[in-house]
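A quick write-up on the structure given underneath.
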Amino acid sequence: MTSVSGKGVQVVGTRPIRHDGMDKVTGRALYGADIQLPGLLYGKVLRSPHAHARIKSIDTSRAEALPGVRAIITAQDMPDITERIGELGETMYNLSYLKENVLASRKVLYKGHAVAAVAATSPHIAEEALALIRVEYEPLPPVMNVKEAMTKGAPLLHEDLVTDELGKNGTQPSNVAKHFRFQKGDVEKGFQQADVIVERELQTATVHQGYLEPQNATALWGADGNVTVWCSTQGAFMTREQVYQLLDLSEAKVKVVPMEIGGGFGGKISAYLEPVAALLSRKTGRPVKVVMSRSEVFEGTGPTPAAHIKVKMGANRAGRITGAEISLYYEAGAFPGSAVQAGAMCAFACYNLENAQVDGYDVVVNKPKSAAYRAPGATQAALAVETVIDELCERIGMDPLEFRLVNGVKEGDRRVDGPAYRRIGYLEVVKATREHPHYSAPLGGPNRGRGVATGFWFNAGGPSSCYLSVNADGTVGMVEGSTDIGGSRVAVAMQAAEVLGIPAEAVKPVVADTDSVGYTSVTGGSSVAFKTGLAAYEAAQDVKRQMVERAARIWEKPVEEVESANGVFHLKSDPELKMTFKDLAARLLTTGGPITGRASVNARGAGPGFAAHIVDVEVDPETGKTQVLRYTTVQDVGRAIHPSYVEGQMQGGAAQGVGWALNEEYVYNKQGDMTNSTFLDYRMPTSLDLPMIDTVIVEVPNPTHPYGVRGVGEVPIVPPPAAIANAIYGAIGIRMTTLPMSPGKVLEALQAKGKRQR
Amino acid sequence: MRSFEYVAPRVLSEALAAVAERGERARVLAGGTDILVQLRAGRRQVDRLVDVKAIPEVNELSYDPHRGLRLGAAVPCYRVYEQGSVAQAYPGLIDAVSLVGGTQIQGRASVGGNLCNAAPSGDTIPALIALGAVCIVASPATTREMPAEDFCTAPGRTVLQPGEMLVNLRIPPPARRSGAAYLRFIPRNEMDIAVVGVGASVVLDDARQRFVSARIALGAVAPTPLLVKAAGEALAGQDVSERSIEAAAAAAMAAARPITDMRGTVEQRRHLVGALTRRALRRAIQRASEE
């Protein structure tokens with residue numbers, strides 16, 4: 001780790017043990033599947049065996065007759081929310097699609113699409129009951145990729161879907177939900193100015209976030225009509241919103257209790273089981289727990305879109321990009337709404353371009369509705385852009401990092417889609433990468449190659465809330481609404497501790513349910529250390545102000561006379577008269593009562609994150625297998641509040657990116673069935689597949705945050721597939737354009753190259 | 001998962017009776033790393049599981065330089081590689097047992113279970129075949145023996161008749177100047193199913209210049225693991241050279257009958273049979289030469 005250490009801070013930048021660490025390593029932490037309640041029933045979901053079919057009828061009578069079965073629901077049990085859907089229009093999610101995804105009513109649109117659910121006295125009975133439900137399907141031909149889906153006369157997933165074509169609605173039903181475009185300058189003129197033009201077509205596979213903990217939900221629909229849901233979610237308030245809207249309740253009728261979360265990466269934002277468990281509970285009057293199996297997670301929750309990408313870039317001999325255009329076709333899955341929009345904004349975000357055009361297409365196919373996955377949409381686009389840049393550099397004979405220094409973005413530059421950057425650290429990151437010893441180290445053997453790639457992610461802010469309460473022992477209770485998927489609890493607590501001048505360990509963070517804390521937006525967009533950190537900072541300022549007032553009252557002096565520094569209150573006129581935070585905390589109850597602080601913020605001005613990765617690989621020419629030998633990540637993090645968790649995010653993103661690059665994919669048969677829905681055959685990297693991933697933290701503080709925080713969690717997944725593709729080219733001289741670059745595909749490419757050369 | 005009966009006899013005859021009583025509806029439980037997964041996934045249904053982990057004959061692991069190895073069907077993988085004399089005598093077997101699942105799985109999974117599960121890709125089976133292992137099968141009435149290459153009959157199916165169970169395996173003592181190896185190809189570096197597996201064993205002459213005999217067995221390229229006699233015959237009596245290794249690899253590639261599935265294509269598998277046969281033979285030769 002290399003870091004520019006911060007000045008004037010005591011807690012920020014240190015590495016305390018996380019508050020939830022002991023419970024997690026000893027297995028005491030409570031996850032959704034740990035919930036046990038009196039009278040608990042177990043729910044199971046019946047899922048479609050077809051990728052595309054019309055539901056003709058559902059007969060649940062035999063299942064209902066099975067002893068131990070307490071309730072069965074289908075889409076017919078979902079409330080009619082037509083009116084609500086009309087009122088809402090398009091929000092963050094489309095409610096009618098969400099409803100249809102939770103339980104299919106007319107058509108099943110992917111293998112694994114939920115059709116019915118059973119509650120029974122044991123999970124085994126529930127499972128047996130599923131087998132007794134008779135669903136009559138009329139199978140329809142599936143469309144499994146964008147090319148098929150966009151072919152004239154292709155089977156339609158939604159008879160009422162028309163294309164939003166550059167802002168105008170089409171007249172014919174289509175599988176293309178949307179086509180949009182960003183433009184800057186004149187791209188044709190740009191290509192005319194180019195000395196070298198590279199054009200490529202690339203394909204990425206459907207991949208899953210692969211969080212360890214499967215989705216789960218336990219619900220209790222009380223006799224008073226209040227619904228409580230315990231679940232694994234990235235946003236308790238987001239889940240509450242989806243549940244109360246789908247169940248046609250008022251907001252306050254639903255309480256969501258976020259349990260510890262075993263990974264999310266964007267996949268635990270959409271509701272799947274929560275409304276189902278709630279409806280089963282309403283029907284039985286008892287609490288119902290539903291836990292997905294791994295196969296259900298793969299087949300029934302949202303992976304990230306597979307993408308088909310066409311890219312063309314031109315540069316002059318001086319290494320300046322003169323023109324760039326890209327068309328991104330992303331698989332939305334069964335319902336519109338892929339991450340293509342974000343991907344389109346990210347595609348050229350690292351480069352200051354005069355002439356560029358980006359086209360995005362959101363295309364429905366018979367796969368699960370895609371969901372967010374760590375920098376959603378950006379990795380696919382980066383694969384295309386960063387490998388083509390590598391090829392441009394080769395053609396004009398320029399070092400790829402030098403090329404990025406020539407073209408890289410800085411403050412004031414505008415993205416193709418419009419926004420101008422404030423202070424950013426792209427050039428600092430590229431320079432740090434070029435200076436890293438890895439970049440100039442010898443490769444040390446045959447069949448080895450080195451690749452570099454860079455990446456961008458917006459990062460987000462949003463509404464967030466935090467309460468603090470001072471305890472008599474000098475500790476501070478902290479209540480936040482941000483579910484902790486990446487070590488954010490400690491990073492948020494440290495920001496409160498910094499303000500109060502107390503150790504991080506003296507702040508005790510709790511992630512609260514929706515009745516117990518103010519509104520907090522979802523844990524997504526790498527937002528928590530920024531937005532909830534800001535809320536904690538403001539809440540701590542609120543506490544500090546009251547503590548100063550209390551000290552003034554005790555000393556019978558005006559407030560202006562009291563100063564506070566590093567957790568010690570003292571009198572300006574008599575510095576000998578002082579009290580520590582702990583001393584003062586002990587006296588609160590006898591000097592005017594307890595002190596609590598609060599803050600609710602709508603944090604704006606999140607600082608974009610940039611990363612550059614260097615990777616060395618060795619390709620076995622006899623088997624086509626790629627081994628990652630060395631990996632270095634460099635990233636502008638603004639300010640690393642807790643460097644260990646920042647490094648963890650950088651390493652985790654790189655590790656997931658390696659999986660995406662080399663082996664992960666949904667394998668489908670001709671019928672549209674996923675054939676590898678287990679961790680055995682869906683190959684995420686294991687510890688033996690990865691070297692120790694080196695991290696270089698670059699700190700270009702975000703001016704809109706008191707400690708300079710930028711989001712860190714997402715951008716590290718953006719460069720890996722491109723960096724690895726570039727490294728494979730270095731090793732074997734083949735430009736791989738299809739993910740995953742699995743041994744079989746590399747072997748085929750090697751054999752094809754061998755034949756050409758013979 | 002449907003409910004089933006669980007029995008755990010302590011005596012072999014009781015276990016045999018318990019299995020025979022339910023015929024096809026009974027399965028033997030050793031490590032359980034396959035059968036429990038299959039039951040939970042609904043891929044197999046049973047009325048009775050007969051746990052054999054408490055039965056001495058099925059848990060015996062003994063090596064004698066003259067008699068060879070007696071490997072009880074329920075002996076978990078870790079015991080095989082942790083027993084020094086066994087590890088020293090049969091490095092080719094150790095290659096395989098230390099690849100099954102991961103470390104935790106190796107604490108439970110048995111070589112006998114791997115054989116009875118009869119997956120075409122089962123890692124220990126090509127190693128057993130290459131080493132000339134013999135299977136001892138018993139029923140309440142009789143005991144019979146067959147070579148390991150005859151044990152599996154189809155994916156998930158074996159020669160075991162209703163009421164029979166695999167009691168143990170016998171592997172002959174390693175010949176002078178012999179060596180064996182098992183290699184598999186997987187896309188990752190652990191926790192994976194073989195795309196192709198190759199077991200090889202060789203016996204060299206005193207000068208280590210010629211092959212006296214050799215056995216090559218393949219996994220994951222046919223409905224059952226395959227003994228490729230032609231590959232062994234291509235080596236017997238030949239010089240230890242890249243040329244003879246190449247001939248054996250060609251014979252192995254010709255014998256492979258792979259399919260295309262999500263783990264690999266016909267072409268990729270056939271190619272890998274060649275690559276892995278060469279590598280496994282080189283390693284076996286090296287071990288034979290070091291002896």
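Please read all numbers here as calculations on a predicted model, not as lab measurements. To find a chain, count down the sequence lines: A is the first, B the second, and so on, and within it residues start at 1.
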With a strict 4.5 Å heavy-atom criterion, list every residue of residues 95-125 of chain B that contacts chain A, or say none.
none

Bottom line for A:S687: the part with an atom under 4.5 Å from chain B's heavy atoms is both

Over 12 foreign heavy atoms within 6.0 Å of CZ, B:R44:
yes

Looking at CZ of B:R263 and CG of A:N676, how far apart are the two atoms once the value is rounded to the nearest 0.5 Å?
9.5 Å

Quick one: of A:E665, A:R683, A:E128, who has the most non-hydrogen atom pairs under 4.5 Å with chain B?
A:R683

CG/A:N663 to CZ/B:R188 distance, rounded to the nearest 0.5 angstrom?
7.5 Å

Go through the atoms of B:R40 and report whether side chain, backbone, both or neither lie under 4.5 Å from a heavy atom of chain A.
backbone

State the OG1-CZ distance between A:T623 and B:R279, to the nearest 0.5 angstrom.
5.5 Å

What distance do B:D192 atom CG and A:T686 atom OG1 have between them, rounded to the nearest 0.5 Å?
8.5 Å

Under 4.0 Å between a Lys/Arg side-chain N and an Asp/Glu carboxylate O for B:R278 and A:E622?
yes

Give the interface residues of residues 742-757 of chain A toward chain B, defined by a heavy-atom separation under 4.5 Å.
A:P743, A:G744, A:L747, A:Q751

Counting C-beta onward and ignoring hydrogens, is there a side-chain heavy-atom pair between B:M191 and A:F679 closer than 4.5 Å?
no

